[in-house]
Number of protein chains: 2
Amino acid sequence: MTCNPEFQTDRKKEMMAVHDAMDVLNGKWKIYIISSICHYNKRRFSDILNDVIGISNKMLSKELKELEVNKLIKRTVLDTHPVTVQYELTKHGKTLQTIINDLTDWGIRHRREITGKE
Amino acid sequence: MTCNPEFQTDRKKEMMAVHDAMDVLNGKWKIYIISSICHYNKRRFSDILNDVIGISNKMLSKELKELEVNKLIKRTVLDTHPVTVQYELTKHGKTLQTIINDLTDWGIRHRREITGKE
DNA sequence: CCGGATCCCTTGCGATACTG
DNA sequence: CAGTATCGCAAGGGATCCGG
């Protein structure tokens, strides 16, 4: 197997990239939050709170903020009384959809692999 | 937006599937371990220990075992002195490659998105 | 309605030392 | 060489309450 320096740095770059991606998705609820917003296109805080079963407002708030920092979602404060806040995927956020779909498909196949043979 | 029961259960199934997939990849080192084995095809314990910078033998042992339980890798004890152990991806484990590649590509684009514009 | 602040428990993970 | 056992810290995350 090759072992030259270039190969090493290439693999390091790959590792970094995967790490970047995983970092964004990291957190117990992030994918579910994205999935909720994505499905409804636009979604309010309290609605997501209902969609994602089991999440607390603290965690929802925290992970939404992280997603916003990573430019995956856009946060809009609506001028209502009382104030409501709307979230939607950015263009960049939408590029995650295929990833999530692939993960879903793989998860289904994986479950079959594990449960179907033992 | 639709709200019928079927749609609800469909989404729950999706959520479960994503959760299954994420569960398998969960752990600080798992992707790097897979990546190492995958690249070399077959790889020994101590070699992976060197490939994955920073990992301890305890964590390597633990995550390898989890990967084996999930049937992503196959563990083979070689009849040498002292004993060495070889790991390789199963057929099922290899189906993760495309996922990891996609994650890599997305990570690169994401980094550009974040650093390139602010 | 949307979140921030606090408290507390659980889990993940690192360091180190030890065994077949 | 390939793990296992023990300890201990630090981060993650739940429950609850508070404020704009």
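In this entry the distance linking CG of A:Leu64 with C1' of C:dC1 reads 14 Å, nearest Å. Between the CZ atom of B:Arg43 and the C1' atom of D:dC1 there is a distance of 15 Å, rounded to whole Å. Rounding to whole angstrom units, OH of residue A:Tyr32 and P of D:dG13 are separated by 12 Å. In this structure, B:Met59 places its CE atom 7 Å from C1' of C:dG12, rounding to the nearest Å. C:dC13 atom P lies 8 Å from atom NZ of B:Lys30, rounded to whole Å. Taking atom CD1 of B:Ile48 as the reference point, atom P of D:dA2 lies 9 Å away to the nearest angstrom. Atoms CG (B:Asn50) and P (D:dA2) sit 10 Å apart, rounded to a whole Å. We find that CG of B:Leu60 is positioned 9 Å from C1' of D:dA2, with the value rounded to whole Å.
Residues from residues 16-26 of chain A placing a heavy atom under 4.0 Å of any atom in DNA chain D do not occur. Contacts of residues 77-88 of chain A with DNA chain D (heavy atom under 4.0 Å): none.
Mapping B:Lys28 and A:Arg44 onto DNA chain C by nearest heavy atom places A:Arg44 at the nucleotide closer to the 5' end.
Hydrophobic clustering (ILVMFWY, side-chain heavy atoms < 4.5 Å, transitive): A:Tyr40 and B:Met15 are in distinct clusters.
With the end axes of the helix from C:dC1-D:dG20 to C:dG20-D:dC1 each set by five pairs, the angle from one to the other reads 40° at 10° resolution.
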Identify all pairs in which a protein N or O lies below 3.5 Å from an N or O of nucleotides 4-11 of chain D, and state each distance.
residue : atom : partner : partner atom : Å
D:dT4   : OP1  : B:Lys65 : NZ           : 3.4
D:dT4   : OP2  : B:Ser61 : OG           : 3.0
D:dT4   : OP2  : B:Lys65 : NZ           : 3.2

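With sequence neighbours excluded, the residues that form a side-chain contact (heavy atoms from CB on, under 4.5 Å) with A:Ser46 are A:Arg44. Here A:Thr84 pairs with A:Thr80 under the side chain to side chain donor-acceptor pair (under 3.5 Å) rule; sequence neighbours left out.
Picking from D:dG14, D:dC1, C:dC1 the nucleotide with the shortest atom distance to the side chain of B:Ser46 gives D:dC1.
Distances shorter than 4.0 Å separate some side-chain N or O of A:Arg75 from OP1 or OP2 on C:dG3.
Aromatic ring orientation, A:Trp106 versus B:His92: parallel (interplanar angle below 30°, classes split at 30° and 60°).
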